[in-house]
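Per chain, numbering begins at 1; letters A, B, ... match sequence-line order.
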Amino acid sequence: MRSLWAIGLALLAGSAQATLTDVTLDNGMRVIVKEDHRAPVMVSQVWYRAGSIDEFNGTSGVAHVLEHMMFKGTEKVPPGEFSKRIAAAGGRENAFTSRDHTAYFQQMQKDRLELAMQLEADRMANLVISDELFAKEIQVVMEERRLRTDDQAQSVVYERLMATAYQTHPYRRPIIGWMDDLQNMTAQDARDWYARWYAPNNATLVVAGDVKADAVVALARQYFGALPVRPLPARKPQAEPAQLGEKRIVVKAPAQLPYLLMAWHAPSLKDWAQDTTPYALQILAGVLSGNDSARLQKSLVKTQQIAVNASAGYEAVSRGPGMFMIDATPAQGKSVAELEKAIRAEIARLQREGISEAELARVKAQVIAADVYQRDSLFYQAMQLGDYVTAGLPPEALARRVDKLRAVTVAEVQAAAAQWLQDERLSVAELDPQPLKPKPRAAAVPGVRHAN
Amino acid sequence: MNILSIQAFLVALLLGLPLSAQAALAIQHWQTPQGARVYFVESHELPMLDIAVDFAAGSARDPAGKSGLARLTHGLLDQGAGGLSETEIAHRLADVGAVLSGRLDRDRAGVTLRTLSSAAEKEKALDLLARVLQRPDFPQAVVKREKRRLIASIREDEADPGNVVSKAFYRALYGDHPYANDESGEPAAVARLARGDLQAFYRTHYSAPNAVISLMGDITRAEAEAIAGRLAAGLSGAAPVPALPKPAPAAASDTRIAHPSTQSHVLVGGVGMARNDPDFFPLFVGNYVLGGGGFDSQLMREVRDKRGYAYSAYSYFLPMREAGPFQLGLQTKLEQTDDALKVARDTLRQFIANGPTEAELNQAKSNLTGGFPLRIDSNRKILDYLAVIGFYELPLDYLDTWVDRVNAVDVAAVKQAFARRIDPDRLVIVVVGGAGSAR
């Protein structure tokens, strides 16, 4: 049972040629290798197709909690040893959890890949989650939530807006999990999650760097190839029902400045060869805020001076649906309502008049250059591959990304703006800043904190 | 960002600061006729070019009563220059896919350019870099607007407990020294700044003798010389800025600042070391064991792993032109602030008393020397190292000897170096969060 199928894709990226190897082992684990011989180093990433999108109410945050527990030891490798061995070999390691996936990585000298694989394969199958270590680590995760969300007003706004914009889709739940769910989470919840999703047939190994693809595949077969296939639960689509009208929320939190976040439901990239809208929306985001004098910056920040910051964003690649977002901070003396009106005027102008050929060419020039620049980072190259593959897109979609963006026309951008930036798809959140001081004093001077 | 990552985000950042590289990295160095120092690594593997131009024009150079001047001056460089408006500059850069960025800290003000190395794109990008560095216009209306934006960002930072604690820590640590002030300045001082202040600051600080030009990428030596010469030729000849005063050791203090956050942000430390400190390696390697090594460090083990007190617990020395801070930090829910602070202080005290064990020190050295190739595995990283070598006038063979110097550190050297710098009974402590009551 050692047969495997392999395709070697010669990917033309800019002027250089990079070879990609994409192999699936007998047990269903996918192995992708990108050779890059600029420096004698490599990055190894194991991606699990399990993120907060796969969670249920009551145990939100468990994907990320399990990520923490993955460093807490196996039958053979005691708690703390994983990190210690990687460190001793000069490695840097970490992990990250997103809505769509959980990934673990090591960056090391090229000849130390075997250690990384050995340890990753071991914790893919043999993790031990003790009640005692879980009890400590869940406290750490709650501190992480306080640090990154609860005490960051704009993060709270984002979290609450997602919970509003999505009525049923699991993207409504924060990756870190609701605090109450964290407080009530048990070690068994983490064990269940691990048992459900941590299997070779739900994982992709991405290795990039100064390695030989066949040697990497051989090592992968040696260490991961023996792990048994496990049945995976059926994944329900949980499609979001169509929004029936604009939604608005106000978030009151300690802050000094108001903040506005607008989010429109939008498609994500599914059929990379046929879809056009996701590419048009990417260009649109670039036209709105892709440079220091792009539309939002020029109109709102520089000319009208109604905002101190404004930007647009759209991620085309995700397992679930997409979202086109604009956020902005009003200038002193300007209200959020005035700011929103100005943003709406910009959108109306886009829909009515479209964009210029010069704007389109500018964004495309940036896309083409960025495609060269990102080859400076091994980690980012591997990251993109893992991101595409776990979203269900083939590496070819990544290789052809620049071509697809270059094919976008001004008419397509205008049409995408007209079709998708509509009020019935829109959810708006406003941050209503609450005083930082518990008891505001009449004589308080701005900028002075009561130090004792 | 839809991504959470498990490890203290500060650690990787800070481990990157001390320099390393292997002998294979051939650094070329020369000086332009105008006095700018140039550092260059030639690499043709990617069709791109990175340039950094750094000046001794950081916020420690703010004149008395004019805090925020260095930041504002730096921020205005590309907002109208050489007869081009801010919009023309931004659009022309984007048209060729070039990225112009800035960086500013207490010591340095820098501008970086990343461009494709194809002739047409490169030439246009270099033209814009030259205009921005040599002929900033500081348009009156833009100055006014950017002052307001800077004040807004300072005010916004007041809501962020991590920002509040950091500013208070530097104030407590440095007293009257220029390092005490935050890079962004105080709102009232920023409000008073005038266009003439910016022009004067620019003339005296953004000069060729104050400049370090770093180049990395797909050009030849001859071309690098031409580019460096062209950039330096248009700068003023103002003399190098005078040395900063030496910071005095900080007195013990314990500052509690009220904040509506759910966590306390805790910083503990003292005045640490300068970039050229002879104790650099013992302190750097030793600190890996104390709080620089992420999950491999004592602080992470004691504060996070054993007790679940914090997501991030770390320590570092930030080497600067003059002695930068030694800083130990954590964030924890309000009600366990004192417990977490005690664990951190006890860990520090024991480390200073006992130093690392042989095993711990060997582990630190293994990681640092074994991870050495990762420090120079991209053009971006190499450019940053060139800029630091140039700015802080480190020896050119600094990178070649780095691994040996890490390996030469022993337990006694770590103990002695820490004992010289950090007195566990004379620490600066700042806590932001809770009621802020005095202790």
Side-chain angles (χ1 to χ4, degrees), chain A residues 15 38-41 64 67-68 83-84 87-92 94-99 107 109 136-137 139-140 143-144 146-147 150-151 153 175-176 254-257 290-293 298 305 308 331-332 362 365-366 368-369 372-373 375-378 436-438 446-447 449-452, chain B residues 2-7 12 45-48 86-87 90-91 93-97 114 116 145 148-149 152 155-156 158-159 161 164 168 186-187 255-263 293 295-296 304-305 308 310-311 331-333 363 366-367 369-371 373-374 377-380 436-438:
Chain A
S15 60
R38 294 171 61 218
V41 298
H64 171 247
E67 178 218 300
H68 278 235
S83 299
K84 198 168 180 182
R92 301 176 184 177
N94 212 327
F96 48 87
T97 306
S98 83
R99 299 188 306 185
Q107 296 167 278
Q109 291 191 32
K136 288 284 183 292
E137 199 62 24
Q139 298 296 324
V140 171
E143 293 295 349
E144 185 178 358
R146 292 183 187 103
L147 178 67
D150 295 336
D151 288 344
I175 298 163
I176 187 90
Q256 291 288 61
L257 303 182
N291 69 73
D292 188 47
S293 284
K298 177 151 192 262
Q305 301 189 19
V308 288
Q332 196 184 5
R362 188 169 297 137
Q366 290 178 289
I368 293 162
V372 173
Y373 301 155
R375 285 158 52 201
D376 195 34
S377 167
L378 210 53
L436 298 182
K437 301 177 183 186
R449 301 154 202 110
H450 38 224
N452 292 285
Chain B
N2 286 328
I3 285 179
L4 302 170
S5 101
I6 189 172
Q7 208 150 317
E45 296 193 64
L46 295 177
M48 54 190 263
E86 54 191 321
T87 296
H91 286 179
L93 284 163
D95 284 340
V96 294
R114 171 165 272 194
L116 298 172
R145 182 193 75 214
R148 286 206 296 259
R149 290 184 67 207
R155 301 255 303 132
E156 194 165 23
E158 291 165 1
V164 174
E186 293 298 324
T255 309
R256 307 283 166 137
I257 299 172
H259 201 81
S261 50
T262 64
Q263 283 185 317
F295 287 124
D296 220 11
R304 175 170 161 156
D305 289 348
Y311 172 69
Q331 316 84 28
T332 193
K333 64 180 172 185
Q363 170 81 359
S366 296
N367 178 260
T369 58
L374 295 168
D377 66 359
S378 74
N379 290 13
R380 173 73 78 203
S437 55

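With a 4.5 angstrom heavy-atom cutoff, A:A88 touches chain B via backbone and side-chain atoms both. Of the atoms belonging to B:A310, it is backbone heavy atoms, and not side-chain ones, that fall under 4.5 Å from chain A.
The distance from atom CG of A:L436 to atom CD1 of B:I257, rounded to the nearest 0.5 Å, is 12.5 Å. Between A:S293 atom OG and B:E86 atom CD the span is 5.5 Å, to the nearest 0.5 Å.
In terms of non-hydrogen atom pairs under 4.5 Å with chain A, the most contact-rich of B:D377, B:T369, B:L374 is B:L374. Interface summary for chain B: among A:P254, A:A39, A:A87, the most heavy-atom pairs under 4.5 angstrom belong to A:A87. Interface check for chain B: of the options A:A365, A:A255, A:G290, the most heavy-atom pairs under 4.5 Å are formed by A:A365. No other option in A:Q366, A:R38, A:Q109, A:K136 has as many heavy-atom pairs under 4.5 Å with chain B as A:R38. With chain B as partner, the option from A:I368, A:D150, A:D376, A:L257 having the largest number of non-hydrogen pairs under 4.5 angstrom is A:D376. In terms of heavy-atom pairs under 4.5 Å with chain A, the best-connected choice from B:K333, B:H91, B:R380 is B:H91.
Remark: A:K84 pairs with A:E81, B:D296, B:Q363 by the side chain to side chain contact (heavy atoms under 4.5 Å, CB included) rule, at least two apart or across chains.
Side-chain atoms of B:N367 come within 3.5 Å of backbone N or O of A:G91 as a donor-acceptor pair. Looking at A:D151, its side chain does come within 3.5 Å of a backbone N or O of B:T262 through a donor-acceptor pair. Remark: the backbone N or O of B:M48 is not paired with any side-chain donor or acceptor of A:Y373 at under 3.5 angstrom.
Shown here for B:G308 and A:Q139, the closest heavy-atom pair between the two residues is O-CB, 3.4 Å. Heavy atoms only, all atoms of each residue included: B:P373 and A:V41 are closest at CB-CG1, 3.7 Å.
Looking only at side-chain heavy atoms (C-beta outward), B:Q331 and A:R146 stay at 4.5 Å or farther from each other. Taking 4.5 Å as the limit, some side-chain heavy atom of B:T332 sits within range of a side-chain heavy atom of A:E143.
In the model, A:Q305 has a side-chain atom that pairs as donor or acceptor with a side-chain atom of B:R148 under 3.5 Å.
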